[in-house]
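Since the structure comes first, as structure tokens, the remarks are kept for the end.
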Amino acid sequence: MHELDPQKLPRHVAIIMDGNGRWARARMRNRVFGHDEGARSVRDVVRTCRELEISYLTLYAFSKENWQRPEAEVKALWNLLKRFLRSELPELVEKEVRLLHLGDTEDIPHDVRREFQAAVDQTAGLDKLVLSLAVNYGGRQEIARAAALFAKDVAAGLHKPEDLSPELFSRYLFTKELPDPDLVIRTGGEYRVSNFLLWQLAYAELYITETLWPDFRRDQFLEALYDFQKRERRFGRTSDQVQDTKSCRAL
Ligand code: IPE
Ligand code: IPE
Ligand code: MG
């Protein structure tokens with residue numbers, strides 16, 4: 001395993017956890033078996049973030065589009081989320097992890113909503129890692145919702161339309177308390193964003209691996225972080241400018 005530079009770790013990692021169904025099918029099992037095993041990868045990645053002192057981890061757990069799956073699978077996913085929240089809460093508290101929900105609350109089954117809210121409330125004061133679960137989340141829906149909220153504030157006289165800037169708009173998103181992701185990981189080998197954090201990904205580094213989510217554990221995560229450390233983040237500038245800024249900072 002390669003050496004990670006602790007100075008160059010991403011502040012915010014976001015993950016599209018994909019490939020549970022294929023993982024299960026390869027073992028001649030039901031798709032739900034893959035989701036259950038995927039929960040262990042979540043635990044591993046959360047623990048690794050704490051160990052490395054990464055401040056923000058965002059996981060895509062259920063998209064707006066996932067409602068179109070067979071009813072039994074959707075039900076199993078809600079059940080899994082409820083069990084996961086219940087079983088992980090003590091460790092989250094112990095490790096000082098704050099839990100957040102990104103997405104619409106309505107439509108989520110009441111019992112899951114209650115469990116989720118209780119976990120969010122119980123971890124509210126913690127700050128070593130912010131773990132955000134994107135559940136019943138869609139990037140386009142989030143942007144449309146933010147636009148509607150801003151329009152309401154304009155109607156109420158709190159803002160003028162011309163006040164709107166990217167910074168102000170960001171405050172109407174579910175992610176208002178989070179910095180933009182530095183690194184986005186997608187497991188399962190698909191080269192698409194599937195309606196995840198469309199606004200926030202503007203300058204994220206993308207890492208796509210064929211590894212299926214249930215097989216994505218600590219070592220695979222470290223490999224992704226190592227790959228991130230080799231990237232040069234230019235934010236529109238030239239490579240020379242970036243190198244210059246670095247040497248200036250070093251002086
Ligand atoms: C990701 O795995 C989990 C969710 C989307 C909830 P999938 O269930 O999409 O697995 P594949 O892509 O079918 O293998
Ligand atoms: C993306 O995975 C959504 C989540 C990981 C929750 P999907 O499996 O739903 O994505 P598509 O349908 O292949 O784009
Ligand atoms: Mg999938």
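Atoms within a ligand are numbered from 1 in the order they appear, just like the ligands themselves. Not measured: the values here are computed from a predicted model. All residue numbers in this chain count up from 1 along the given sequence.
Between the side chain of Thr187 and the main chain of Asp18, a donor-acceptor pair closer than 3.5 Å is present. In this structure a side-chain-to-backbone donor-acceptor pair under 3.5 Å is missing from Glu115 to Lys82.
Between Gly21 and ligand 1, at least one pair of N/O atoms sits closer than 3.5 Å. Any N or O atom pair closer than 3.5 Å counts here, and Phe62 shares no such pair with ligand 1. Below 3.5 Å of separation, one finds an N or O of Asn20 facing an N or O of ligand 1. Residue Trp23 places no N or O, backbone or side chain, under 3.5 Å from any N or O of ligand 1.
With salt bridges taken as basic N to acidic carboxylate O contacts below 4.0 Å, none links Glu91 and Arg43. By the 4.0 Å N-to-carboxylate-O rule, Lys160 lies too far from Glu162 to be salt-bridged with it. Between Asp215 and Arg22, no side-chain nitrogen of the basic residue sits less than 4.0 Å from a carboxylate oxygen of the acidic one, so the salt-bridge criterion is not met. A salt bridge is defined here as a Lys NZ or Arg NE, NH1 or NH2 lying under 4.0 Å from an Asp or Glu carboxylate O, and Arg29 with Glu37 fails to meet this definition.
There is no side-chain donor-acceptor pair under 3.5 Å between Asp180 and Trp199. Gln220 and Thr209 share no side-chain donor-acceptor pair at under 3.5 Å. Inspection of the Asp44 and Ser41 side chains reveals no N or O donor paired with an N or O acceptor under 3.5 Å. For the residue pair Asn195 and Glu65, a side-chain donor N or O sits within less than 3.5 Å of a side-chain acceptor on the partner.
Heavy-atom proximity to atom 4 (C) of ligand 2, evaluated over Tyr60, Phe196, Trp213, is greatest for Tyr60. Residue nearest to atom 5 (C) of ligand 2, selected from Gln68, Met17, Arg186: Met17 (by heavy-atom distance). The option from Arg22, Lys64, Arg69 that lies nearest to atom 7 (P) of ligand 2, judged by heavy atoms, is Arg69.
Residue contacts with ligand 1 for Ala61 involve N, CA, C or O but no side-chain atom from C-beta outward (heavy atoms, distance under 4.0 Å). The proximity of Leu212 to ligand 1, defined as any non-hydrogen pair under 4.0 Å, does not occur for either the backbone or the side chain. Proximity of Arg31 to ligand 1, defined as any heavy-atom pair under 4.0 Å, is confined to the side chain (atoms from C-beta onward).
By the 4.0 Å heavy-atom criterion, Glu65 is excluded from the residues contacting ligand 2. Not close to ligand 1: Gly188, with no non-hydrogen atom less than 4.0 angstrom away. Put simply, part of His35 is less than 4.0 Å from ligand 1, judged by heavy atoms.
Protein heavy atoms all stay at least 4.0 Å away from atom 12 (O) of ligand 2.
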Walk me through it: do Arg234 and Thr238 pass the test side chain to side chain contact (heavy atoms under 4.5 Å, CB included)? CA-CA 6 Å; Arg234 291 195 282 273; Thr238 67; 5.8 Å; no
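No option in Phe196, Phe84, Tyr137, Trp67 other than Trp67 meets the ring pair (Phe, Tyr, Trp, His ring centres under 6.0 Å) test with Phe62.
Nearest protein neighbour of atom 9 (O) of ligand 2, counting heavy atoms only, is Asn66 ND2, 2.9 Å. In this structure, atom 14 (O) of ligand 2 lies nearest to the protein heavy atom Ser194 OG, 2.6 Å. Looking from atom 1 (C) of ligand 2 to the surrounding protein, the closest heavy atom is Ile16 CG2, 3.9 Å.
Numbered from 1 in the order shown, with element, the atoms of ligand 2 that lie under 4.0 Å from a heavy atom of Arg192 read 11 (P), 13 (O), 14 (O). Listed by number with element, the atoms of ligand 2 under 4.0 Å from a non-hydrogen atom of Asp18 are 2 (O), 8 (O).
For Asp18, the N/O/S atom at the shortest distance from the Mg ion (ligand 3) is named OD1.
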